[in-house]
Amino acid sequence: MPPKTGWSGRFFGDFRIGDVYEHPLGRTITEVDNTWFTLLTMNTAEMHFNAEVGAASEFGGSLVNSTLTLAITAGQSVIDTSYNAIANLGWDEIRLVKPVFAGDTLWSESIVLDKRESKSRPYAGIVTVKTRAVNQRGEDVLTYKRTFMVYKTDAGERPQGNRPRPIRPITDSTGTEASS
């Protein structure tokens, strides 16, 4: 039996205005995530990587870098929104609603606000979603709107990686090979 393919994401025709997608994976942010991301992106605000500065602030601790919060939230949404995207076209109305700290777990969801055919690419459409992230207490921490160009189902060949074929077939616990 040939392998079954996994979730292949949504295409332009799958989006309906008003649909809400609860993105399946939560993500707990660690202090290491925050420090590495902050230093990797050359953000010199010590509030993100100096515990003494964070402790002396009105927040009583180091804040998670807001662009890390945005990056995680956007990443959580890809599986349901832009898995088949050609490109992001815009980010609007980014709002940092509540501070995020190391140890917080983020969950996100998106609602489809708009969709239209692409004027320049007949094989694609344009979709706009509003995404929000909530923490483990269900409190909004971030919202934004994002517009992206996404393939239509009948777009034909799309760029994809060259998945190698295994040298030998996978076997079950008894050593029986999967049939082709």
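Heavy atoms only: backbone and side chains are in, while hydrogens, waters and symmetry mates are out.
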Do the side chains of [Y] and [X] get nearer than 4.5 Å, heavy atoms only?
{"X": "V112", "Y": "R16", "result": "no"}
{"X": "T81", "Y": "R10", "result": "no"}
{"X": "E109", "Y": "Q76", "result": "no"}
{"X": "R95", "Y": "L142", "result": "no"}
{"X": "N43", "Y": "F49", "result": "no"}
{"X": "F148", "Y": "V129", "result": "yes"}

Please answer: with hydrophobic residues joined when any side-chain heavy atoms are less than 4.5 Å apart, are [X] and [Y] in the same cluster?
{"X": "M149", "Y": "Y151", "value": "yes"}
{"X": "I79", "Y": "V150", "value": "no"}
{"X": "F12", "Y": "I86", "value": "no"}
{"X": "W91", "Y": "V141", "value": "yes"}
{"X": "L96", "Y": "V100", "value": "yes"}

Side chain to side chain donor-acceptor pair (under 3.5 Å) assessment of S82 paired with R146
CA-CA 10 Å; S82 55; R146 179 168 65 111; 3.1 Å; yes

Sub-3.5 Å donor-acceptor pair from the side chain of [X] to the main-chain atoms of [Y], do we have one?
{"X": "S77", "Y": "A74", "value": "yes"}
{"X": "K145", "Y": "T128", "value": "no"}
{"X": "N34", "Y": "N65", "value": "yes"}
{"X": "K152", "Y": "P122", "value": "yes"}

Is the number of heavy atoms from other residues, nucleotides or ligands under 6.0 Å of [X] [atom1] greater than 12?
{"X": "R27", "atom1": "CZ", "value": "yes"}
{"X": "Y83", "atom1": "OH", "value": "no"}
{"X": "W36", "atom1": "CH2", "value": "no"}

For L106, the option from T28, V134, T73 that meets side-chain contact (heavy atoms from CB on, under 4.5 Å)
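Considering T28, V134, T73, a side-chain contact (heavy atoms from CB on, under 4.5 Å) with L106 is found only for T73.
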
Candidate list V127, L89, L113, D114, test side-chain contact (heavy atoms from CB on, under 4.5 Å), partner T147, passing option
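Filter result, single survivor: L89.
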
Measure the spacing between [atom1] of [X] and [atom2] of [Y] and express it to the nearest 0.5 Å.
{"X": "Y144", "Y": "D92", "atom1": "OH", "atom2": "CG", "value": "12.0 Å"}
{"X": "K115", "Y": "I126", "atom1": "NZ", "atom2": "CD1", "value": "12.0 Å"}
{"X": "L68", "Y": "I29", "atom1": "CG", "atom2": "CD1", "value": "5.0 Å"}

For F15 and D80, work out which heavy atoms get closest and say how close.
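Here F15 and D80 meet closest at CE2-O, 4.1 Å.
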
Considering non-hydrogen atoms only, spot the tightest contact between F59 and M47 and give its length.
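Residues F59 and M47, closest heavy atoms: CD1-CE, 4.2 Å.
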
Salt bridge (Lys or Arg N to Asp or Glu O under 4.0 Å) for K98 and D140? Distances and angles first, verdict last.
CA-CA 7 Å; K98 194 169 193 71; D140 287 13; over 6 Å; no

